[in-house]
Amino acid sequence: MAHSSGKTLVQWMVAALIFAMLGGSLAVLLCNIETSELKLCHDAVTGENPPSPDTKCCDVVHRCNLTCLCGYKSELPLFGINPANAMALPGKCGLKKPSKC
Ligand SMILES: *[C@@H]1O[C@H](CO)[C@@H](O)[C@H](O)[C@H]1NC(C)=O
């Protein structure tokens, strides 16, 4: 159906965008943060037992719009990011999680 293929296309576009961002080749503003800053949190959101986020990562988390970032949650596993880890970040940085996430 046209509807589902459109959604898939959007997901692939998001995937390609995040891929470019993680490579550091493209910096755009996503949810209030520079996408190039996301890699500061990379260690803290990958693997089974990631280390606690450092202050640089928390600084990014503090500035980003978490409600907005929530919308990208389903794309995160594509990049080796564990969504559960990602959603634990605000708590580890002393912030409240967005309620509907
Ligand atoms: C955060 O993002 C949400 C969804 O995109 C938007 O509705 C909201 O206004 C944003 N909040 C801030 C503080 O930018």
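For ligands, and for the atoms within them, numbers begin at 1 and follow the listed sequence. Note that these values count all heavy atoms, side chains included, but never hydrogens, waters or copies made by symmetry. The shown structure was predicted, so the numbers you read here are calculated from the model rather than taken from an experiment. All residue numbers in this chain count up from 1 along the given sequence.
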Atom 8 (C) of ligand 1: the protein heavy-atom neighbour that sits closest, reported with distance to 0.1 Å:
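Nearest neighbour among protein heavy atoms for atom 8 (C) of ligand 1, to 0.1 Å: N65 ND2, 3.7 Å.
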For atom 5 (O) of ligand 1, grab the closest protein heavy atom and report residue, atom and distance to one decimal in Å.
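The protein heavy atom lying closest is C68 CB, 3.9 Å.
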Flag side-chain contact, heavy atom, 4.5 Å: C57 against V61
yes
pair L29-E34: side-chain heavy atoms closer than 4.5 Å
yes
Does the N or O separation between T67 and ligand 1 drop below 3.5 Å for any pair?
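Among all N and O atoms of T67, none is under 3.5 Å from an N or O of ligand 1.
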Protein heavy atoms near atom 11 (N) of ligand 1, is at least one of them under 4.0 angstrom away?
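Yes, because at least one protein heavy atom sits under 4.0 Å from atom 11 (N) of ligand 1.
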Is_contact(atom 14 (O) of ligand 1), protein non-hydrogen, under 4.0 Å:
yes
Worked verdict on C68 versus C31 for disulfide (SG to SG under 2.5 Å)
CA-CA 6 Å; C68 165; C31 303; 2.0 Å; yes
If the condition is side chain to side chain donor-acceptor pair (under 3.5 Å), which residues does D59 pass it with, not counting sequence neighbours?
R63
Under 3.5 Å: donor-acceptor pair, side chain of H62, backbone of P90:
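Not at all, since once roles are kept as given, no pair shorter than 3.5 Å links the two residues.
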